[in-house]
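Inspection log for the structure reproduced underneath, given as structure tokens.
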Amino acid sequence: MSLSIRSRALGAMLSLGFCALLGAPASAQAASTEACAGGGFRLELPNNKTLSGSVRTKIDRRSLPSHGTLRVRGTYIDFDIDVSTFAVYNYTLKATSNPLDITGGVTTVLFAGKVPNLGTQTLEKDDLEVEMGAGDLFLLRRGERIKMKIQAKDCAQGGIFQMEPETETAGATIDVTHTLGPDVFYFTNPYTGKINFGNANLLRGKDSPQVAAKLVQGERETVWRVTSGGRMGGVLGEDAVENSPPATSCTQDCQAQNRVQGKYDVPDPVYENDGGGIGGGGDD
């Protein structure tokens, strides 16, 4: 594990008032409707067609080439998806003029990849189901013995991503590897003791697991073993550093009952208030 040196460096900077020197906005860095203002995705399909606005449809599997790329493009978030595995690549937080922007004005690749290991399986048996609108995105595709869901929100911060594998075999697991972008690293937050990812600026994020065990933790990579029906979520900004409770061990219809209710302390001084989003901010 190679977290300690970067963690101590970041902790020292924070202790010296690093955040104040950067001029963090006096208004709270809260994940709220303001963080999602003007958000909305468009989908660029492998056949060069584009979907945007309010959509509920199925993309015929015959128009989806094996391991073709679905490009998700938003106001705040961009990423690419392998249509055969739902592996996510180049998950990027874009610099914007939103007052809750945490990029420091620098568009940043947060994850080079969020890659589920499906072995020899693919999701090519079925069509691709798509629902999107008002900054929300839902994708679902099935294989012979597995299905995968992705939910995403187009926001500057908050709970904005969720990947859910489900197999026919109860209790089966899927390993998911998270590899950070080149300018982002994992570190132990000195104020919470939790593992965050970020840079030496305002950017903070956290993997948000549910019914998932961490197998590997490095400075730029984690490997999670997700039980069928569990999920790997992701939160940004204040949601990533609040003292919220861990997610419950639930594998069906879990989102509402695990959504953060009320307020929790945010001990990391880079942020001031709390917010919300997909999946909350369960402990790692």
query: Within the distance-only criterion (no hydrogens, no angle test), does the side chain of T75 pair as donor or acceptor with the backbone N or O of G38 below 3.5 angstrom?
result: yes
statement: Interatomic distance, OG1@T177 vs NZ@K114, rounded to 0.5 Å, equals 12.0 Å
- prompt: So, does R220 use its side chain to make a donor-acceptor pair with the main chain of G181 at under 3.5 Å?
  reply: yes
message: With a 4.5 Å cut-off on side-chain heavy-atom distances among I, L, V, M, F, W and Y, is there a chain of contacts connecting L137 to F86?
response: yes
message: Using every non-hydrogen atom in the two residues, find where V83 and L123 come nearest and quote the distance to one decimal.
response: O-CB, 4.3 Å
message: What I'd like to find out is whether the side chain of L110 reaches to under 4.5 Å of the side chain of L203, using heavy atoms alone.
response: yes
task: Determine the minimum heavy-atom distance between V176 and M163, stating which atoms define it.
output: CG1-SD, 4.2 Å
task: First locate atom CD1 of I160, then atom NZ of K153, and finally report the distance between them rounded to the nearest 0.5 Å.
output: 10.0 Å
- line: Paired with R141, the side chain to side chain contact (heavy atoms under 4.5 Å, CB included) test is passed by just one of K149, R61, K58, K125, namely R61
- prompt: Step by step, would you call L139 with V130 a side chain to side chain contact (heavy atoms under 4.5 Å, CB included)?
  reply: CA-CA 5 Å; L139 302 172; V130 178; 3.8 Å; yes
- prompt: Hey, quick one: are L140 and L64 part of the same hydrophobic cluster, counting side-chain heavy atoms closer than 4.5 Å, chains of contacts allowed?
  reply: no
field: is_close_aromatic(F111, F197), centroid dist under 6.0 Å
entry: yes
- prompt: So, E164 versus Q151: side-chain donor-acceptor pair below 3.5 Å or not?
  reply: yes
message: Applying side chain to side chain donor-acceptor pair (under 3.5 Å) to N90 and T92, what does each step give before you reach the verdict?
response: CA-CA 6 Å; N90 299 315; T92 300; 5.9 Å; no
Rounded distance [0.5 Å steps], NZ in K206 versus CG in L236: 11.5 Å
message: Tell me whether the count of non-hydrogen atoms from other residues, nucleotides or ligands lying under 6.0 Å of CZ in R73 goes above 12.
response: yes
- line: Heavy atoms of G68 and P46 approach each other most closely as C-CG, 4.3 Å
task: Check whether any side-chain heavy atom of L93 sits under 4.5 Å from a side-chain heavy atom of I102, and report yes or no.
output: yes
task: Decide whether L180 and M232 are clustered together by the hydrophobic rule: side chain heavy atoms of Ile, Leu, Val, Met, Phe, Trp, Tyr closer than 4.5 Å, transitively.
output: yes
- prompt: Does T69 reach the side chain of Y89, with side-chain heavy atoms less than 4.5 Å apart?
  reply: no
- prompt: With a 4.5 Å heavy-atom cut-off, do T85 and H67 have their side chains touching?
  reply: yes
message: Main chain of C36, side chain of N98: is a donor-acceptor contact present, judged purely on distance under 3.5 Å?
response: no
- prompt: Does the side chain of V184 reach to within under 4.5 Å of the side chain of V109, using non-hydrogen atoms?
  reply: no
- prompt: With side chains defined as the heavy atoms from C-beta onward, is the minimum distance between D183 and V106 less than 4.5 Å?
  reply: no
- prompt: How about K49 and L51: do any of their side-chain heavy atoms sit closer than 4.5 Å?
  reply: no
- request: Calculate, to the nearest 0.5 Å, the distance between atoms CG and CZ belonging to N48 and R71 respectively.
  value: 8.0 Å
query: Would a hydrophobic clustering, with Ile, Leu, Val, Met, Phe, Trp and Tyr connected at side-chain separations under 4.5 Å, put L45 with F41?
result: yes
query: Do you know the tightest heavy-atom contact between G237 and Q157?
result: CA-OE1, 3.4 Å
- request: Could you tell me the separation between the SG atom of C155 and the CD1 atom of I77, rounded to the nearest 0.5 Å?
  value: 8.0 Å
- request: Would you check if the side chain of T192 reaches a backbone N or O of V241 as a donor-acceptor pair within less than 3.5 Å?
  value: no
field: W224 side chain reached by K214 side chain, heavy atoms, under 4.5 Å
entry: yes
statement: NZ (K94) and CG (D101) are apart, to the nearest 0.5 Å, by 12.0 Å
- request: For a salt bridge (Lys or Arg N to Asp or Glu O under 4.0 Å) with R142, tell me which candidate from E168, E124, E129, E166 qualifies.
  value: E129
message: Under a 3.5 Å distance rule, please check whether D154 uses its side chain to pair with a backbone N or O of G40 as donor and acceptor.
response: yes
- prompt: At their closest point, which heavy atom of T107 faces which heavy atom of A95, and how far apart are they?
  reply: OG1-N, 3.0 Å
query: In terms of hydrophobic clusters joined by side-chain contacts under 4.5 Å, are I195 and F161 together?
result: yes
- request: Could you pull out the closest heavy-atom pair between T227 and G171, with the gap in Å?
  value: CG2-CA, 4.1 Å
message: What I want to check is whether the side chains of N196 and N189 have a donor and an acceptor closer together than 3.5 Å.
response: yes
